[in-house]
Amino acid sequence: GHLHPDRDIFLYGWDFDDSDGVNFDTVIDTSADPTQRPTVTHRYLTPGTFTATLRVADNNSPPLFDTETVEIEVIPILVTATADPTSGDAPLSVQLECNSNLEGAGGSPGNPPLNFHWDFGDGGTSTLQNPSHTYNNPGIYTARCTVTDANGDLGISEFGEVQVQVRDPDATGQPPI
């Protein structure tokens, strides 16, 4: 049934439809303060389309219930890492870039500002989004950029990787410098 406009709502129940086995994830009883209008925050751990349901009850006897639903689209988090150049002789200076589909997305998902952390694969790190780094020793390095939000998380898979190959200049047939 529909709620009577002169009755206070005293019970709020939210179901976020994310297969956690719980019919109503959050239930708030406002009978002590019927003017309270509670808000909740829910974090979806996987991408997809979900139907969130809010069910409310008034202080009628017996209580009347009403239900509202909303579709929520959770986008996958994509992080890409690029390097220029990706190969060359040591010492090799590389410009790295880290991009995410969350930039300019109004903070959804995640709470701005976004934080970037680079692990260059040779012991070096940076918190810049687009740092430059010099590889001094020959080898193949995997540079990884991890993106987190202001809460320190964004989801399960939030990094991008790029390989950088650094050659020994003495092995290229050129005289040593």
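Along the sequence shown, the residues carry numbers beginning at 1.
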Original post:
Do the side chains of S126 and H133 get nearer than 4.5 Å, heavy atoms only?
Top reply: no
Subject >> Partner residues of D119 under the side chain to side chain contact (heavy atoms under 4.5 Å, CB included) criterion, sequence neighbours left out >> reply: none
Original post:
Below 4.5 Å, heavy atoms only, C-beta onward: do V94 and F120 meet side chain to side chain?
Top reply: no
Original post:
Is L128 isolated, or which residues cluster with it under the ILVMFWY side-chain rule of less than 4.5 Å, directly or via members?
Top reply: none
**OP:** May I have all residue pairs that pass salt bridge (Lys or Arg N to Asp or Glu O under 4.0 Å) and include part of residues 131-142, sequence neighbours excluded?
**Re:** none
Original post:
When you check the side-chain N and O atoms of Q95 and S132, is any donor under 3.5 Å from an acceptor?
Top reply: no
**OP:** Could you tell me which residues satisfy ring-ring contact (aromatic ring centres under 6.0 Å, His included) with Y141, sequence neighbours excluded, listed by chain and number?
**Re:** Y135
Original post:
Taking side chain as C-beta onward, heavy atoms only, is V79 less than 4.5 Å from C98?
Top reply: yes
**OP:** Would you indicate whether the side-chain heavy atoms of W118 and L96 approach each other to under 4.5 Å?
**Re:** yes
**OP:** Check whether any side-chain heavy atom of I140 lies under 4.5 Å from a side-chain heavy atom of Q163, and answer yes or no.
**Re:** yes
Original post:
Under the salt bridge (Lys or Arg N to Asp or Glu O under 4.0 Å) rule, what pairs show up with a residue in residues 132-147, not counting sequence neighbours?
Top reply: R144-E161
Original post:
Who pairs with E97 by salt bridge (charged side-chain N to carboxylate O under 4.0 Å, His left out), at least two apart in sequence or on another chain?
Top reply: none
Original post:
Any side-chain heavy atom of V162 sitting closer than 4.5 Å to one from T82?
Top reply: no
Original post:
Does the cation-pi check pass for R55 over F65, that is, NZ or CZ under 6.0 Å from the six-membered ring centre and within 45° of its axis?
Top reply: yes
